[in-house]
Asker: 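Take a look at this one; I'll ask things after.
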Amino acid sequence: MRHAKAQAASLDAVIAVAAILFFIAIIIVFFPSKPKDAGVYNNKAFIGIENADPANRFLSGYVVDETALLSFSSLPENRMESIVLNSTEFIGYTSDICIFFADSTGILQINGMNAVGQVYLDSSKTIKGVCDPSNPCKHYRTSSVYTRPVARLDTITNLHVVVCT
Amino acid sequence: MKKGYFYTLDAGIAVIILVVGFLIIAAMYLYAPDKERTEAIGNDISGLIAQVTLDDICADMDICDCTYASVEELCEEGKIRNRHATIMELFGQLYHDNERMPIEAIVNQTLIDNGVLPRNFKLQIMLMEPASGRMVQLYPLVEG
């Protein structure tokens, strides 16, 4: 009698586990996963960049001006940051920003120059050079990733602006 | 009486565990497409092809030197009438010339293969014929 009860309990446990696995399988198979690219696609985040003074206005619509990008990259950190964040809600309490171009082939640099085109400012507002696109905010929370497809260096790529707080 | 209470409690706990588990897993996997985000991507893609010219994506269109093989091939075959046109203008010309295949190749090479369009999104480009008002699908290519 006791043996039969134990057997029933084991069977019950097995059925419960099977039911849970069945549920998980159904969810995985029938529901698509969240997109890996969580970029915010809109014009708002790029208004500041598009409205910079002509020498530093490296983005006009969907086309990147390489000369202006070089000029922009050599700006003082706080100026660079204020241009980028001018149109975002983060100005005033932002720790880091990270700007880079990326497509499926990887991160694109400009003219082989170190870190130009990729701008990473840390909390002490010093240029760190290259930011790590896979972990742009280091230990900070990533607040927003703004993305815009642009034409640059004879290719179409995505311009990413990561704002960390 | 005691046994019945125990089994009922057991079943109740099991149901709670199943529901909580389901909710946790569903939260990880369920994704409701964001309408605003989809619209924003659509605006960006249409803005891109309307503003970006062949000069912006090719090294030198005068000698048909282009990053994208599909555009370079068309140029070499003399099928691009305005080598300084925007991508959208080129699509219009190709549609007019009944050259639908290259449109698909150009979209694939410039927007899809290089990951410019986010994964989990699909793209459809339609054109409205001015005369008839009929909607024609340019991408993806539909035979017939």
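Keep in mind it's a predicted model, so treat the numbers as computed, not measured. Protein chains get the first letters and strands the later ones, always in sequence-line order, with residue 1 at the start of each.
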Asker: Can you tell me which portion of Leu18(B) sits under 4.5 Å from chain A's heavy atoms? Options are side chain, backbone, both or neither.
Answerer: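 Interface part for Leu18(B): side chain.
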Asker: Taking only residues at least two apart or on different chains, which pairs with a member in residues 81-97 of chain B satisfy salt bridge (charged side-chain N to carboxylate O under 4.0 Å, His left out)?
Answerer: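 As it turns out, the salt bridge (charged side-chain N to carboxylate O under 4.0 Å, His left out) pairs with a partner in residues 81-97 of chain B, which skip direct neighbours, are Arg81(B)-Asp97(B).
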Asker: Search all heavy atoms of Gly115(B) against all heavy atoms of Asn158(A) and return the closest pair with its distance.
Answerer: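 It is O-ND2, 3.7 Å.
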Asker: Do Val17(A) and Ile15(A) sit in the same hydrophobic cluster, where Ile, Leu, Val, Met, Phe, Trp and Tyr count as joined when their side-chain heavy atoms come under 4.5 Å apart?
Answerer: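 Unlinked, Val17(A) and Ile15(A) end up in two clusters.
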Asker: Are there residues of residues 47-77 of chain B whose heavy atoms fall under 4.5 Å of chain A's heavy atoms? If so, which?
Answerer: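 Result: Gly47(B), Leu48(B), Gln51(B), Val52(B), Asp55(B), Asp56(B), Ile57(B), Cys58(B), Ala59(B), Thr67(B), Tyr68(B).
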Asker: Just how far is it from atom CG of Asp44(B) to atom CZ of Phe46(A), taken to the nearest 0.5 Å?
Answerer: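 CZ of Phe46(A) is found 7.5 Å from CG of Asp44(B).
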Asker: Could you list the residues that satisfy side-chain hydrogen bond (donor to acceptor under 3.5 Å, both in side chains) with Glu36(B), not counting sequence neighbours?
Answerer: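 Once residues adjacent in sequence are excluded, Glu36(B) has no partner under the side-chain hydrogen bond (donor to acceptor under 3.5 Å, both in side chains) criterion.
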Asker: Restricting to non-hydrogen atoms, name the atom on Ile87(B) and the atom on Ile156(A) that form the minimum distance, rounded to 0.1 Å.
Answerer: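 That would be CD1-CD1, 4.0 Å.
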Asker: Would you please name every residue forming a side chain to side chain contact (heavy atoms under 4.5 Å, CB included) with Glu129(B), sequence neighbours left out?
Answerer: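 Glu129(B) satisfies side chain to side chain contact (heavy atoms under 4.5 Å, CB included) with Tyr95(B), Leu127(B), Ser132(B), Arg134(B), Val136(B) once adjacent residues are dropped.
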Asker: Out of curiosity, does Val15(B) fall in the hydrophobic cluster containing Leu23(B) (side-chain heavy atoms, cut-off under 4.5 Å, transitive links)?
Answerer: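 Looking at the clustering, Val15(B) is in the same group as Leu23(B).
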Asker: Less than 4.5 Å to any heavy atom of chain B: does that hold for the side chain of Val150(A), its backbone, both, or neither?
Answerer: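 The backbone, not the side chain.
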